[in-house]
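Just below is one structure, and these are the notes that go with it.
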Amino acid sequence: MSNEACNLCKRKRENLNMTNWTRHIMSCKKKRLSSGQSIKSFFKQKPSTSTDIAIGLNDDIQTENADLLETEDDELSNSHSATHDLPKLEGLNDDIQTVKADVLEPEYDVLSSSHSATHDLPKLEGLNDDIQTENADLLETEDDELSSSHSATHDLPKLEVFENDPASIPLVISDEVLHYYMSLGPCQPNAHDLLNNTFPKTYEKSGHIRSFNECYYYKKNNDGQCIRRSWLSYSPSTDRIFCSTCKLFGLPDTKKTFLVKCGSNDFKNITRTLSNHECSPEHMQSVIAHGLYVRNDRIDLKLIESANRQVADNRELLSQIIDALIYIGRQNIALRGHHEGIDSNNRGNFLELVKLLSNNHGPLKRHLEQIDSKKKNRLTFLSNVTQNHLLNIIAEVIRSKILNEVKKSGQFAVIIDTTTDISNLEQFTFILRYVNEEGLVQERLVSLVTASDATGLGMFEVFCKITNKYNIEWKTQLIAQAYDGAASMQGQYSGLKTRIQHENPRAIYIWCCAHLFNLVVVDTCDCCIVSKRFFGDVGSLVEFMRARKRTAIFVKLQEQLYPNKRLRRMKRFSTTRWTSHDRVLIVINEKYSALLETLEEISDANNSDRETASTAENLISKITSFQFILMMLFFRKIFAITTEVSKYLQSKEIDFVQAINLIDVAKNRLVEMRSEQGCKDLVDQTKLFSVENNLTERDFSQVRLRRKKIMPGEQARDELLSNQEDNFRTDVFYRILDTIISSIENRFSESRNILKDFTLLSPERLKCIKNENDLPNDAFKSISNWISIDLTQLKTEYVTFSKSLDKLLNGMNINMQYQNHDKQTSDFDSENDSEISENDVETSENKITCLQILKILSSYDLQHAFPNLFKTYKALGTIPVSSASAERSFSKVKLIKTRLRSTTGQCRMESLLMLSMERDIPINQQEVIDKFAQTSSLLKKNLMFK
């Protein structure tokens, strides 16, 4: 008999054996726990706890203060007490006080699945020295009797975190997280890896003690061989087993099973649970997926690889289609055909070109064959909608490059003009002129839109709409604007240039020099009655010779009289391009004999009607007159000077100073022509031409001398000259030359006012000035008011650069840019005209231009050494000389929007115009494909790599 008593109910053991006494003790403990008090009430929570976050797991997972695992003794007696030490807290300050606490013998929570969880206490390291700890009881006992008889002090072991704990693996994970958990392997800790070197134990009502064991990691075959269960994972945090393979690789239905979703702690039936699970078909499928993943034979990777192969094929197909679109757009030809069906013989330029490209491109050929074999194809890349999308994206890519260069330049000028297209819509073209990073002048098309209102206000609204759409900072970076002479453009009160200058006074207005020079020719042709009659007769001749049968006779006679020479036709006068007058006179002069015989044949033909025969006879009398030949050769001499200058003024690679110099050169040559010797040479040349062509009239016609009666004492001041040559010299020759010279001076007077300070930037002045004393007192003052520069520093840089200019020129091979611009082939090649052209070129070759100086500053990287000088030359290069680029864009519009393509949409036409105008800008096809793929989810799926 034993006198040992129960600490809970005070019952004595007496004759009870050890087994029954143990059961009694456990029963009392369960009753104590079932009184409704949670086991957490036996412990005092610390005011602050640290959290351990598992690597690669969710950041929100936090660890709690763990319950200490109970250590069981074989005999429960009052004589047994254990003494434990508090854990050593590392990294704390010396001021941190240790805490003594009574540790209650742990109770087992039967209500929470009859097992206890093992947690690791966080390791407190690296705390700040200023942190102070407070005295606290780590574990406070609520039972006074237990604390009086069993006071125990436990060792707090060092806790560990299992990164591959299956309980922390989410059911839905990404490929990166899957790869991370696969690298960790299954969670199969041994007993010595856990707290107190043992797995947690669960006490059943029957008195049996259940816990997990390491032997379940292995499976014994019938032959006695042990095989490791690599799919089995034990969770130390929940004391449960999981199938990690099904959790990582299982299908959605598999992940709903209990061994995957929440795990199992039924250790009584663990053998049956493991056997049933590893034989299930769902588990087998997960194991197969795991094996494929380990061998890199993953199904998902194969699907991704297959999808990427298809994406690569689609991108290659689309690249060929984009090539076809770019080619057609740059050649200004139509894309679509009248009938694009499969049975059509001509499906349009685009589809026929794609078919032609497929002959040397296997994937494209298979794609076209697949389209033809199916009646409906969801993705062909050949529809008109796809064409429009791709054209718009290509135009946006080109425009973005232009706008990036403009933004880097920091200053630009606008060139704007309007025209009416074939469908009677007013087209508004918007062009920017700027200097790029290489020091080259660029004129680029940015937009082409319709303008319903042609007034100054309407133009300004369209201007603001374009600048706002493309984020163009015109109020701060616009320094010049160039238009033609229309009232809506240059109106003083409500014109476009006035409205822009109200917002940005620095935006100086430039009247297109080419238009101005064209007006000079207009003034010349209409200055006297003789010139009016002459061009009237030429116009009548052109209109008469434009008939089909008459043109055929003219061509036939050219082949007979001028074999092995270029055939020419009579070209119509243009009201806007007065250089067409020069082209007509060239044809009449060079093919005069053929033209004369053509008129004679028409007038003598029996099949000619009376009106035709009469007109031809009248034209013969006109063109064979001495005065007609004289005026023809005279205007050819004038146009030989003005036409070349007009062509130079239309070039992009010309600066404002050079343009005014060319105009001055032309004016000086006209002044030299205005002399008696010049008139005499013209008359002699006319007589020689008449003799060579066997004309009957080879001199001035004799006119009867008219005398005016006068009263006694009157003077006959208005008496006519008796000599017809003198009459021509004074009334026609001098008058026409005086008109053209004075017109040049008057019409370019405003341009010379703009040029006032820029003349100092000319190479001639730059070479002459060697110190600041040579500069005028107000030098560069107007330029400093126009653009923000340091005036004093600019003068210093100007003088310093002028001293080194010759050395820079000797060290650099400069290409004359204005000589390399696209010149139109001259329609005449006579000796006199060739000499004139050579003299023009020779005069220009001996001079360096301002744009070449700008190129020198950029080539030698001198923009940082001479910042103010570089900015000044850059501003000079930015000023547009003419608005010819706008006229060129209209010429492209006429090629794109023809009579047969008059219904072309505005966006499509703008995109085609961008391709045609800016053909030198490279296009990144991969960028186009990426942007095209973002337009729909279907395209993104088929064109973007996974």
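These numbers come from the heavy atoms of this one structure, side chains and all, not from hydrogens, waters or symmetry mates. Numbers for residues simply follow the sequence, beginning at 1.
Side chain to side chain, Thr849 and Gln658 fail the donor-acceptor criterion of an N or O pair below 3.5 Å.
By the 4.0 Å N-to-carboxylate-O rule, Asp537 lies too far from Arg533 to be salt-bridged with it.
Residues satisfying the side-chain contact (heavy atoms from CB on, under 4.5 Å) criterion with Ala486, sequence neighbours excluded, are Asp484, Ser488, Met489. A search for side-chain contact (heavy atoms from CB on, under 4.5 Å) contacts involving Glu692 returns Leu688, not counting sequence neighbours. Under the ring-ring contact (aromatic ring centres under 6.0 Å, His included) criterion, Phe428 pairs with no residue at all, not counting sequence neighbours. Judged as a side-chain contact (heavy atoms from CB on, under 4.5 Å), and not counting sequence neighbours, the contacts of Asp738 are Arg674, Tyr734. Annotation: salt bridge (charged side-chain N to carboxylate O under 4.0 Å, His left out) contacts of Arg433 (sequence neighbours excluded): Glu443. Applying the side chain to side chain donor-acceptor pair (under 3.5 Å) rule to Asp731 yields no partners; only residues at least two apart in sequence or on another chain are considered.
The line from CZ of Arg901 to CG of Leu912 is 6.5 Å long, rounded to the nearest 0.5 Å. Expressed to the nearest 0.5 Å, how far CZ of Phe535 lies from SG of Cys525 amounts to 3.5 Å.
At least one test fails for Lys591 against the ring of Phe554: distance under 6.0 Å to the centre or angle within 45° of the axis.
Considering all non-hydrogen atoms of both residues, Ser608 and Ile602 come closest at OG-O, 2.8 Å.
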